[in-house]
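Heads up: the structure comes next, in structure tokens.
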Amino acid sequence: MSSVPDHTRRHSSVVVDGPSRAGARSMLRPVGFTDEDFKKPVVGIASLWSMVTPCNMHIDKLAVEAEAGTNAAGGKGVIFGTITVSDGISMGTPGMRYSLVSREIIADSIEAVAGGEGFDGLVTIGGCDKNMPGCIMAMARLNRPGVFVYGGTILPGIHPDTKKECDIVSVYEAIGQHAAGKVDDAGLRKIEACSIPGPGSCGGMYTANTMASAIEALGMSLPNSSNQIAIGAEKREDCRRAGEATLALLKADLKPRDIMTRKAFENAITVTIALGGSTNAVLHLLAIAHCCGVRLSIDDFTRIGKRVPVLGDLKPSGKYGMVHLTRIGGLPPLMKILLDAGLLHGECLTVTGRTVAENLRNVRPYAADQDVVRPISNPIKSDSHLRVLYGNLAPDGAVAKISGKEGLSFTGKALVFESEEKALDAILAGRVKAGHVIVIRNEGPVGGPGMREMLSPTSAIMGRGLGKEVALITDGRFSGGSHGFVVGHITPEAAVGGPIGVIRNGDPITIDAVRNELTLGVAARELKARLKAWKPRAPRETRGVLAKYARTVTSASEGAVTDKNLF
């Protein structure tokens, strides 16, 4: 064994070098290590593979490609696994409470394995919503050179009768159409059967594709990793190149926190807005920034959003899926548009070892006849669709996704529900009428616990044709597939005494996406009296991971992280 210090083996050398580490070497030989491998940098390859969901069902094969790329570049790749929870499957059930919790478990597990085994670098491969921020959070904590690879987007389903493209949101909206009598049992079965044709993450600019794009803009993925089809040759090559790139990063000693600076987070926010991305990006980018030690707040989304337009005509509010963006050239041409407009920090480093500007230097523009991405002179919306709202209903902030298609303000009467299930039952039964502001509370990080996504009720509203006539507010959150007049992440949440917990049926509520206000129309004295009389509920969970999460999690406005109180 060499006694010369080698910074590319900073961690693995502690595990395998010298006579005293013979036991470790003995354990590693059966899993494929040779004498030569003990002299190489060891790269952990975190595979989020599972048969839990189509988003991840192909990642085992991608991990093998990343291992091959690592080994060919002179490293030793070691594949290991961690969990996933499928939002699309658990949506609308108690199981969805585990979704956001899984982000923390994924981050913890990757950190534990990489730290415990002395990996020098990391390639992480994720495909579902919480996989991606979980991977990046772990990489930030460990701060060892590495690359994130997105598992890729799904191909759209094709309806056998209409020949129109469909996806998971089509199914959830068809449930509302079924309840309204617009779709019969056979029609619902037909759309259910055709919408998910194979591997890959949900196909619109929902949370998975939003986070993949944000991570590429952050500098932690290779160029265009976020805009590749899950089952294509391009994605397999992306994985091989990620392994090679990790070895180059090790040699350069370029680490995640060198890349994920405050300016890099501003780039990620800019790209998220330009694509019309998910509200979950707010939650996840705050959490990743926390792990990097970068100061980022929900107000940064407002500041940046004042000057960044929405350019992508992408689902759920637009008409195109991610595959259409892939076909016209993916994310780099959009980033070049933003860079040329002075909206990106071109000097930020990336996992290529080059800057954003250097990566984009030779990128060709989109074809003139495409309409998936608008020119900056003709945006879909001149400023951000992500609105951070304050007011007497959200003293610490709330997050709305207002495309403008539903209007920019809404005033209606509160219809209060203590859970998502009760709200969904009322929507499907026709008890929700035009002019209602549906209030779903006790679904926050603490109250859920777990901050469930509200795709089922928002899709049911759309399916019943009430998208412009009904609003929905919650201390929970929304799927990237939700659209309409929706406000989530209301803080403080009901479970900790926030004003949302004292709303009564019939109270007037105003959502103003111009003044960025969320207001309960009752007198200040009345609101103060209600809050004084409020009493906390008994915790829903008293043991297990949900109870532990509820006791440690911060508010949504702080990213719903679980380790802040340790600092």
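In this chain, residues are counted from 1 in sequence order.
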Any side-chain donor paired with an acceptor under 3.5 Å for [X] and [Y]?
X      : Y      : result
Thr352 : Thr350 : yes
Asp313 : His324 : no
Ser170 : Ser195 : no
Asn56  : Asn131 : yes
Tyr150 : Asn209 : yes
Thr34  : Asp37  : yes
Glu216 : Asn227 : no
Tyr320 : Asp371 : yes
Arg477 : Ser99  : yes

Check the pair Glu237, Arg240 against salt bridge (Lys or Arg N to Asp or Glu O under 4.0 Å), reporting the backbone distance first and the verdict last. CA-CA 5 Å; Glu237 177 62 20; Arg240 287 191 291 272; 2.9 Å; yes
From CA spacing to verdict: side chain to side chain contact (heavy atoms under 4.5 Å, CB included), Lys263, Leu349: CA-CA 10 Å; Lys263 286 184 176 180; Leu349 284 171; over 6 Å; no
Residues [X], [Y]: salt bridge by 4.0 Å N-O rule:
X      : Y      : answer
Glu36  : Lys39  : yes
Lys40  : Asp6   : no
Lys130 : Asp87  : yes
Arg10  : Asp253 : yes
Asp238 : Lys235 : yes

Let me confirm one number: the [atom1]-[atom2] distance from [X] to [Y], rounded to the nearest 0.5 Å.
X      : Y      : atom1 : atom2 : value
Ile304 : Leu386 : CD1   : CG    : 11.0 Å
Lys61  : Ile231 : NZ    : CD1   : 11.0 Å
Asn280 : Leu285 : CG    : CG    : 10.5 Å
Ile196 : Ile168 : CD1   : CD1   : 4.5 Å
Leu218 : Ser213 : CG    : OG    : 12.0 Å
Cys194 : Asp167 : SG    : CG    : 10.0 Å

When you compare the side chain of [Y] with that of [X], does any pair of heavy atoms fall below 4.5 Å?
X      : Y      : answer
Val399 : Phe478 : no
Val310 : Pro379 : no
Ile298 : Leu286 : yes
Met260 : Val294 : no
Arg103 : Leu283 : yes
Leu343 : Arg307 : yes
Phe38  : Lys76  : no
Ile125 : Trp49  : no

Tell me which one of Leu296, Val282, Val308 satisfies side-chain contact (heavy atoms from CB on, under 4.5 Å) with Ile269. Leu296
side-chain contact (heavy atoms from CB on, under 4.5 Å), paired with Asp563, selected from Glu104, Met137, His290: His290
So which atom in [X] and which in [Y] form the shortest heavy-atom distance, rounded to 0.1 Å?
X      : Y      : value
Leu250 : Asp120 : CD2-O, 3.4 Å
His385 : Gly276 : NE2-C, 3.1 Å
Phe148 : Ser225 : O-OG, 4.4 Å
Ala287 : Gly559 : CB-O, 3.8 Å
Thr210 : Ala281 : CG2-CB, 3.8 Å
Ser226 : Met322 : O-CE, 3.3 Å

For the CZ atom on Arg327, are there more than 12 heavy atoms of other groups (residues, nucleotides or ligands in this structure) within a distance under 6.0 Å? yes
Flag yes if more than 12 heavy atoms outside Asn362 fall under 6.0 Å of its CG atom; otherwise flag no. no
Walk me through whether Leu122 and Met139 qualify under side chain to side chain contact (heavy atoms under 4.5 Å, CB included). CA-CA 8 Å; Leu122 277 170; Met139 296 171 82; 4.2 Å; yes
Pair Leu100-His284, side chain to side chain contact (heavy atoms under 4.5 Å, CB included): steps then yes or no: CA-CA 10 Å; Leu100 187 57; His284 297 323; 3.9 Å; yes
Would Ser479 and Met91 count as a side chain to side chain contact (heavy atoms under 4.5 Å, CB included) if you check the C-alpha gap in whole Å, the side-chain angles of each, and the deciding distance to 0.1 Å? CA-CA 9 Å; Ser479 161; Met91 196 75 69; 4.0 Å; yes
With respect to Tyr390, which candidate in Thr302, Asp299, Asp396 satisfies the side-chain hydrogen bond (donor to acceptor under 3.5 Å, both in side chains) definition? Asp299
